[in-house]
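Each chain gets a letter, A, B and so on, in the order the sequences are listed, and its residues count up from 1.
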Amino acid sequence: MINYSEIEDKWQKAWAEAKIFEGEVGEKPPYMVTAAFPYADMPQHIGHLRTYGTADVLARYKRMRGFNVLFPMAFHASATPIIAIAKRIQDNDKELIETMKIFHVPDEDIKKMVDPRYIAEYFTKELETGMHAAGYSVDWRRKFVSIDPFFSKFVEWQFGILNSKGYLIQGKHPVGWCPHDNNAVGMHDTKHDVEPEIEVETAVRFKLDGEDAYFVCSTYRPETIFGVTNVFIKRDARYVLCSMGDDGKSYYISKMSADTLSHQTKITVSKELAGEELLGRKCANPMTGALVPVYPGFFVKEDVGTGVVMSVPAHAPFDYAALERLRKDGYLMDDIKPIKVLDVQIGRSLGDVSAGEAKPTQLDVPALAYLEILHTKPDAIDDMLEFATKLEYREESHWGKMIVKGYEGMSEPAARERVRKELEAKGDAFDIYVLQNAPVVCRCGTPVVVKVVDDQWFLNYGDAKWKDTTKEAFGKINMLPEKSRNAFSAAIDWIDLRAVARARGLGTKFPLDRNFIIEPLSDSTIYPSFYTISNAIRGIDVEKLKPEFFDYVYRKVGDLDAVAKSTGIDYSVIKRCREAFEYWYQYTSRHSGSDLVFNHLTMYIFNHVAVFDKAYWPKQIVTNALVNYEGEKMSKSLGNIVPLLDGVKKYGADPLRINIIGATDLHTESEFSNAAVSGIKERLGYLYDTIGELGKLESGELKRIDYWLYSKLSAKIEHSTDSMEKLELRDAYTSVFYESILELRRYFARGGNNVIAVKDFLSDVVLMLQPIAPHMAEEMWHMLDNDTFASAEKWPVSDSGMRNEKVELLEELVDSTITDAKQVGALMEKKTGKKAAKLHVIVASGWKRKLVNAIAKERNISKALESLQGEPASDKEQASKLAGALAKKVNEIRGVSTTQEEELDGLREASAYMAKQLGCEVSVEAEGGSRSQRAARSMPMKPSLDIDSA
RNA sequence: GCAGGGGUGGCGGAGCUUGGUCAAACGCGGCAGACUCAAGAUCUGUUGGCCAUAGGCCUGCGUGAGUUCAAAUCUCUCCCCCUGCACCA
C-alpha cells in the first residue's frame, strides 16, 4: 500500500527547502501563471482543484519546458458575502454554522467571526494550508489579501488612471433595495440567497377623456398598442391619483404600485379612490388616438406593474378571456372587436402534429386560436391561460411579422423597440423596473423592492474606443479552450456600464467619494501585475506608495530619481520593481472558471488595456468548467461538499489531481467519484510496484517487443506534448497514464522482460506524470535511481528514431489475428462441438500485396492487373480471379506496407503468445507453402486461418 | 427573451477544426473465466442492436431536410438540456 500522506509530506518539505518554486528575475524566458483569487469566506473544497490545479499543471509543465515560471497566489476578502457571514454568525444562523462545521472550523473561531476581518484572517490561513496540501508549486512569498493597505494603494492608483481616461461616469441605476435597512441587497442579503432579478417593463400612459390625468399601463409588449381595445383595472382595489416625477401631470395607478414605484421616481398622491369609481371612463390610445373604455379585468393584480393593464384581446389570451367573461355576464361592449397587429403561423413550435389538428376558427384573433389549439376555452383556469400566453408570446416573438401600416413585415422584437422609442420620444412611455422573481425577502424580513439610485458611479465599458482597443487585444490573446473565444467575444460586445461603488463591505475606498467602497470585482481586474512587486514592497510605509511610484513601475512614467525622491522609497527597490514587472509580465497565463467570462475575465482584458502598455497586455486566458460529485453538482445545500483537506487526506493529493484535473477537457464538467479515484490509485500502485520490481528483469538484447515499447513511448511523448501545449489534459493523461499501463501489461504478456527498456519507458512516463501527480512522480523518479527533482527536470523529448510503425503494425496484426481466430474457433465449436487443437495462420503471398496496392492507387481493376506484368503466369491467373472478387469494393481497398516475410516474422515471433491467448497450438505458414485449402483466402494484413479440431 | 455551450452504447465521455482508413479511444458498470474455503481485491476475456454462423451482413451518433460518389463530421430547420444575464462573488 502506498502511503500518500507520507510521500506528500516528504516532497512538499523537500521542495520548500530547495526553493525550487520561488520565482526570481532571470535569464530564461519568463512564464507567469495566475489563477483567480480564492475568496476568503470559506476554505477550498475539492472542486477548486479544477482551476488552481490546472494552473499548477501548466506551471509545472512549463518549468519542465525550460521556462522560468512564477505561480503566485493571493486572496480576496473585499466581498459582501464576508460581511453577510459575519452578520449571520451574529444572528446565530444554524445553516451557516452547519457549513462551518463541514469545514471543521472550531467553535471558538466561529464565535470570533462576528468580525469580518477575522473571517478573512482565518480563511486565508486555511486556504493556504489547503493549497499547500494539494501540492501547488506556488511562490508563497508574494501572497497578499485584497484588503491589505498596500494593495489598496495600488487599486486607488488604478482608479486614478481610469478616471483620467474618462472611463468613470455617474448616473442612475436600478438596484434591489430593502426599505427597512435602507440598503442595496444582493444575493447574500436575502433569505435563501435569492438574487433579486430586476426586469424592465414599459409604462404607457393613456390620457383620460375630459380629465387632465392619465392611466399608466405597464406592458412587456408595447408594439401591441395598435391592438388596444380597452383598459383593465381591478374593481375592488384601491387606486390613487398622483404625480410621478416632475412633469406636473397627474396619473392613475394602483395604491400598492404607487408605494413600490416611489423608490424609482418621486410620487405624490393627491387623491385615493376605489377601482370601481374608474369604470366607465374613456381614455385615448397615445399611438392611434382612439378612445377606449375602462373595464374590470378578473386577472389584474394591484401589486403587479401599475395595476392598470392595456387590453389587447387579439394577442393576449387573458385579455380575450376577460372580455368574453364580461360579455357573458352581460356587460355591454358591442363596440369591442379584437384588432390583430401581427401575423404568425399558430402552433408552429408544437410540431406538425398539433398544428395539423388545430382548426382555428378565428385566425383574426390569434389569442383565441391559441386557446383552441390547446383545446381550452376563455373560462379555463389561469394556468391554462398562462400557458397559452407564453406559447403565443414565444411564437410571435420568434416568427411574428407586423401587419400594422408603417410597420409591415417587422419582427416583433424590432417593432417593440421602435414603438417604445416612438412613445418615449413623445413622453407617452417610460421604463419601470419590476422584481421578476418577487417576492424576494431581505434577511430582515422586509420584501425587497427596486430602487433607482441616481448617483451611482460606473465604469463605462461601453466606451467605443475602449471597446475597440480591447477587441484588438482580445484578438491576440491565446484562448484555451479555443471555443471559449465566442463567449468572450459576446461578453466584450455586451458589457456596458458597470457600477463600481458600493455602500458597504471591506475593501478599498472609492477615491472620488470616500463614503463608498470599490466594488469587489472592480478592485481585482489587474491585480496579477501586483504579484510582480508584492514581495519587494511589503513592509514599505504605505503612505510612500504614491501614484508616481506605480506610474513608474507599471507605466515607466517619470524619472527614477525623481520618483525616489518624492516618494521616499529606496531607489533600488523602485528599480527592482520595474525590472520585475517588465520581466514577468511579458508572458502571462490567466486561469479561472468559465463562469467568470462574463465579468472578471472580460473586465480583466478591458482594464489591462486601459492601464498598461501593449507589451504587457494579457497573452493567454484559460477557462475551465466545474466539478460534479458523483454525477451531481457540488453544493452546500446538497451537503456533498468535500473540503479539500479532507479529500487530500482521504484519497491522496495525486489521485485527486488526476481525477479532477486530468480526466476531463477544460470545457466539460469533471466528475469526481470514489470509484474513479480508486481506479487511479490502483494504477499508480501498478506503476509504483513495477518500478519496485525492476530488479527482477533481465538485461539482454532488445527483442521485437522492446522496439514496440520504445516506439509506443516515442509516439506517446509526441502526442502528449502536443496535447499539453493546448492544455488538453484529458488527452495527454489518457496517453501518459492509462495507456502506459495497458502498454506495460501487454509488454509483459508478450514476454518482454528487458530492464533497460522498461526503465527508459517508466522514466519518461514518470516525468510526464510530474505536472499532474507531482508527489508520486517525485517518489518514483527517485526509486529510478535519480537524485534530481522530477519537478525541476526536463520534459521528455520524443526520439523519432525510435518510432517503428512496422513493429506497431505487426503487433496490431497479432491482435487482429487473435480476435479472428477466437471468433472462428467459437463458430467451429458451436457447429461441430469440438475445440480447436491447432491453428494454421497462413500469410498472403507477395503478389497479392502488389495487387492490393495497385488497386488502392489506381482505383481501377484492369490498370491494377497491368501493373502485375512480369509475375509468374499462375499468379497472374489467380490475380485476375481475385481482382474480380475485389472489384465491387474498389473504393474501399487500402494499400498495405508489410511484406509477406515481415508478417511471417511478426506472427512467428508472437506464436507462443497467440497460443497462450487461444489455448491451442499455433503454426504460422506462408501461403505458397501451406497445404491448407483455405490458404488462398489469405490477404495482406488478414491472414487466412485454418483450425484443426481436436 | 438574449448570449454561450451541448445532445454519440447501461453510464461518464472520445471522435466534429481538416467528410472516407472510424462509430465509440479511455474510464465506470455488466457478463464469463482465473485466483480464493468464500467474499472482496486483482488478473484475463467480453460488452450498441438485429439477423447470420468460418472470420460475414444490416442498422445505429436529438429531429427533419440539403450538399456530396461518400456525413457523427459541412449547411439549413426544428426540438430538448446546461450555464450566464451585472453592481453579484
Side-chain angles (χ1 to χ4, degrees), chain A residues 36-37 39 41 76 78-82 173-176 184-189 195-199 220 348-352 393-394 397-398 412-413 453 456-459 461 482-491 493-502 519-522 524 594-600 603 625-626 628 631 633 659 663-665 667-671 673 675-676 678-680 682-683 685-686 730-731 733-735 737-739 742 745 749 816-817 819-828 830-831 856 891-895 916-917 934 937 942 944-947:
Chain A
F37 270 149
Y39 293 98
D41 59 10
H76 202 208
S78 37
T80 23
I82 221 163
H173 189 62
V175 292
V185 289
M187 187 173 87
H188 307 286
D189 308 304
E195 178 79 38
E197 288 173 35
I198 297 168
E199 207 170 41
Y220 288 109
R348 178 172 169 184
S349 65
L350 299 177
D352 294 336
Y393 193 116
R394 184 162 56 118
S397 169
H398 225 129
E412 191 273 341
V453 294
Q456 177 59 274
W457 284 95
F458 298 94
L459 261 178
Y461 290 114
E482 177 59 31
K483 63 176 73 172
S484 72
R485 190 173 287 280
N486 295 336
F488 273 100
S489 197
D493 280 334
W494 158 87
I495 194 168
D496 191 17
L497 295 179
R498 164 127 200 145
V500 290
R502 52 181 306 134
E519 179 273 321
L521 276 179
S522 300
S524 49
S594 49
D595 50 331
L596 295 187
V597 169
F598 275 76
N599 48 51
H600 166 72
M603 292 157 71
L626 305 174
N628 285 343
K633 202 172 167 162
N659 179 219
T664 321
D665 290 326
H667 71 274
T668 37
E669 291 185 343
S670 63
E671 292 292 327
S673 75
S678 48
I680 288 163
E682 277 154 23
R683 288 176 175 80
Y686 178 82
R730 177 193 200 110
D731 208 37
Y733 284 104
T734 298
S735 169
F737 188 55
Y738 293 101
E739 287 177 356
L742 295 178
R745 287 199 168 127
S816 58
T817 304
T819 308
D820 283 352
K822 270 185 186 160
Q823 192 175 351
V824 176
L827 292 175
M828 191 194 75
K830 197 169 169 188
K831 201 171 173 185
N891 280 314
E892 290 168 32
I893 290 180
R894 308 285 154 197
K916 199 174 165 205
Q917 293 289 315
R934 297 189 176 275
R937 291 176 60 109
K942 183 97 179 156
S944 163
L945 304 177
D946 198 352
I947 297 180

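- At least one side-chain nitrogen or oxygen of A:R502 sits closer than 4.0 Å to the OP1 or OP2 atom of B:rC88.
- Pairing for B:rC74 goes to B:rG66, judged as Watson-Crick or G-U wobble with the two contacts each under 3.5 Å.
- Nucleotides B:rC82 and B:rU67 place their C1' atoms 31 Å apart, quoted to the nearest Å.
- Nucleotide B:rA52: unpaired (no Watson-Crick or G-U wobble partner with both distances less than 3.5 Å).
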Notebook entry, point to check: How far apart are the C-alpha atoms of A:I680 and A:Y738, what are their side-chain angles, what is the distance that settles it, and do they pass the side-chain contact (heavy atoms from CB on, under 4.5 Å) test?
Noted result: CA-CA 9 Å; A:I680 288 163; A:Y738 293 101; 3.6 Å; yes

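- For B:rG6, one of the phosphate oxygens OP1 or OP2 lies less than 4.0 angstrom from a side-chain nitrogen or oxygen of A:K483.
- OP1 or OP2 of B:rG5 has at least one side-chain nitrogen or oxygen of A:N486 nearer than 4.0 Å.
- Searching all strands for a Watson-Crick or G-U wobble partner of B:rU83 with both distances below 3.5 Å returns B:rA3.
- Base orientation of B:rG60: anti, the glycosidic angle falling outside 90° of 0.
- Taking 3.5 Å as the limit, the base of B:rG55 and the side chain of A:R937 contain a donor-acceptor pair of atoms between them.
- B:rC81 and B:rC69 have their C1' atoms separated by 37 Å, given to the nearest Å.
- Using N1 to N3 plus N6-O4 or O6-N4 for Watson-Crick, or N1-O2 and O6-N3 for G-U wobble, each under 3.5 Å, B:rA34 pairs with B:rU42.
- Residues A:Q823 and A:F458 each lie close to RNA chain B; by heavy-atom proximity, the contact nearer the 5' end of the strand is made by A:Q823.
- Dashed line: the shortest gap from a side-chain N or O of A:K942 to OP1 or OP2 of B:rG56 is under 4.0 Å.
- At least one side-chain nitrogen or oxygen of A:R683 sits closer than 4.0 Å to the OP1 or OP2 atom of B:rC28.
- Ring geometry, A:F37 versus A:H76: the interplanar angle falls under 30°, so the pair is classed parallel (tilted spans 30 to 60°).
- When the C1' atom is used for both B:rU59 and B:rC50, the distance is 7 Å, rounded to whole Å.
- Look at B:rG12: its Watson-Crick or wobble partner, with both distances under 3.5 angstrom, is B:rC26.
- In this structure, B:rC57 makes no Watson-Crick or G-U wobble pair, since no nucleotide meets both defining distances under 3.5 angstrom.
- For A:E412 and A:Y393, the side-chain atoms include no donor-acceptor pair closer than 3.5 Å.
- Here the separation of B:rU73 from B:rC87, taken at their P atoms, is 41 Å to the nearest Å.
- Residue order along RNA chain B, read from the 5' end via each residue's closest nucleotide, puts A:A487 first among A:A487 and A:G176.
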